[in-house]
K.L.:
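Below is the structure I would like to discuss, written out as C-alpha cells.
Ligands are counted one by one from 1 in listed order, and the atoms in each one are counted from 1 as well. The basis for the numbers below is simple: all heavy atoms, side chains too, and nothing from hydrogens, waters or symmetry mates.
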Amino acid sequence: MTRVTSSLDPFSPEFRADPYAAYEELRALGPVVWLEQHDIWCVHHYATCQKVLSDYAVFSNAGGGGIGNYFVEKPWRKPSIILEVDPPEHTRTRSVMNRVLSPRVFRELRAGFEEVAAGMVSEALAKGEIDGVWDLSRRFPLKVFPDSVGVEDEGRDNLLIYGAMVFGAFGPVGDWYKSFMAEHADVSDWIIARCQRDRLAPGGIGQMIYEAADRGEITDEEAMMLVRTFLSAGVDTTVDSIGLCLKALAERPDQYALLRADPSLARNAFEEATRYDSSSQSIFRTTLCETEIEGQKIGKHEKVMSFLGSAGRDPERWEDPDTFDITRKIKGQIGYGVGIHGCVGQMFARLEGEVLIRAVAEQVERLELTGTPEFRLNPGLRGLDKMPMRLH
Ligand code: OVM
C-alpha cells in the first residue's frame with residue numbers, strides 16, 4: 001500500500017490561522033497521513049487518535065512529547081519524568097501526581113479560587129473595555145495556580161515565558177524559537193530554583209510532592225522534577241483554554257445568554273470549549289517497533305502526531321461538530337489527551353475554567369468583541385495574545 005502524503009504544514013501560519021479547515025482536508029485523505037514537510041505521520045480522527053494514544057506499548061512517550069525525536073537527537077532539557085517516559089517508570093511518578101491531585105485538594109481550593117475570580121471579574125466589569133486575555137484569561141491562572149503550588153509572587157511572568165519555551169520546543173526548531181530561547185536562557189534557572197523544597201510555600205501542592213519523597217515514594221530529585229512539570233504545563237495551557245472558551249462564548253451570544261441564565265452550565269461550557277477549540281491541538285508519540293495503523297505500515301522510531309483538535313471535530317464521533325453548544329452531552333472529549341498520559345492536571349484546569357467562566361456569567365450581562373482576537377504563535381499550544389472586548 002502506498003502511503004497517503006500531504007504537503008500541509010501544521011506549524012505554518014496558514015495552517016494555524018484555520019486548523020479546522022486543514023483537519024477536514026486531512027480527515028478526507030484517510031486515517032493516516034504522511035506529512036512530507038516534516039517527515040512525520042499524523043492521525044486526525046477521534047478513533048485513531050484514541051487508538052494511538054492508548055497503545056503505550058507501541059506508541060511511546062520516551063521519544064518526546066513534541067516533534068523532536070529523542071531516539072535520534074538530544075532533548076533541549078532533561079526530559080519530563082512523567083510526560084516523556086513509559087511504564088513502568090511512568091506508573092510510579094504518575095501515581096504520586098494522581099495521589100497529590102486528589103478530589104479533596106480541589107474541594108479545598110475551590111472557595112479561594114471563587115473569591116479571586118469574583119474580584120477579577122468585577123474589576124474587569126468596572127473597566128468595561130478590557131483585553132480578555134490580559135484582564136481575565138491570563139490574570140486568573142497566573143494568580144491561582146502558583147498560589148496553589150506554593151510559588152512566590154515575585155517574577156511570576158517567568159512562568160509564562162517558560163511555558164512558551166516548553167511548548168515552543170514541541171515544534172520544529174526554527175529562527176523564532178532559537179532567538180526566543182537565547183533571549184530567555186536565564187528563565188530555566190529561575191524555574192528550577194522555584195522547584196526546590198525550601199522555595200515552596202508550606203501547605204502547597206509543591207510541598208505535597210516533597211512529602212511523597214519523605215515517604216520514600218520518589219527521590220528528592222524526582223520531586224523537584226515533578227514540580228517542574230507543574231511549572232511547565234500548568235499555566236499557559238489553562239490561560240489558553242480559558243481564553244478560547246471566552247472567545248467562543250463572545251462569538252456566540254445565544255450560547256452566552258444560556259450561560260447567563262444558568263451559570264451552573266459553566267463546567268459543561270468549559271468542557272465543550274475544550275472539544276471545540278482545545279489549547280492542546282496535538283501531541284506526539286514515537287513508535288518503539290514497526291507497526292500498522294488502519295493498514296498503514298509505520299516503521300520503528302517514527303513520530304506520529306495526534307491531532308486532538310481534529311478529534312474534537314470528527315463528524316464520525318460528534319453530531320454537528322463545528323457547533324459550539326454548551327448544553328451538549330460532552331462525555332469523552334479528548335482535548336486533554338487520553339490513556340495513561342491523559343493530562344494529569346485536567347481536574348485543576350476544569351476547576352479554574354469552571355470558576356472563572358461562572359464568575360463571568362454571574363456578573364456580566366453580555367460579552368462584546370470590539371476587535372479581532374489575535375492568536376499567539378506558539379507551535380505547541382493554541383491560544384490568544386489579545387482579545388479586545390467590552391463587558392456589559
Ligand atoms: C512536563 C510537561 C511539559 C509540557 C507538557 C506536558 C502535555 C508535560 O514537563 O511534564 O504535558
K.L.:
Is there any protein N/O under 3.5 Å from an N/O of ligand 1, and what does the full list of such pairs look like?
P.N.:
unit_1: ligand 1; atom_1: 9 (O); unit_2: R77; atom_2: NH2; d: 2.8
unit_1: ligand 1; atom_1: 9 (O); unit_2: T229; atom_2: OG1; d: 3.4
unit_1: ligand 1; atom_1: 10 (O); unit_2: S80; atom_2: OG; d: 2.6
unit_1: ligand 1; atom_1: 10 (O); unit_2: T229; atom_2: OG1; d: 2.7

K.L.:
Under 3.5 Å, is there a donor on one side chain and an acceptor on the other for N268 and R328?
P.N.:
no
K.L.:
Under 3.5 Å, is there a donor-acceptor pair between the N61 and H90 side chains?
P.N.:
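There is no such pair (donor and acceptor under 3.5 Å, judged by atom type) between the side chains of N61 and H90.
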K.L.:
What donor-acceptor contacts under 3.5 angstrom involve side-chain atoms of residues 168-193, with partners at least two apart or in another chain?
P.N.:
unit_1: Y177; atom_1: OH; unit_2: M165; atom_2: O; d: 3.1
unit_1: S179; atom_1: OG; unit_2: D175; atom_2: O; d: 3.3
unit_1: S179; atom_1: OG; unit_2: W176; atom_2: O; d: 3.1

K.L.:
Over all heavy atoms of both residues, which pair between S137 and P141 is shortest? Give the atoms and the distance, please.
P.N.:
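So the minimum-distance heavy-atom pair works out to O-CD, 3.1 Å.
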K.L.:
Among pairs that include at least one residue of residues 296-319, which meet salt bridge (Lys or Arg N to Asp or Glu O under 4.0 Å), considering only residues two or more places apart or in two chains?
P.N.:
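Non-adjacent pairs meeting salt bridge (Lys or Arg N to Asp or Glu O under 4.0 Å): R313-D322.
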K.L.:
Side chain to side chain contact (heavy atoms under 4.5 Å, CB included) with D254: which residues, sequence neighbours excluded?
P.N.:
R252
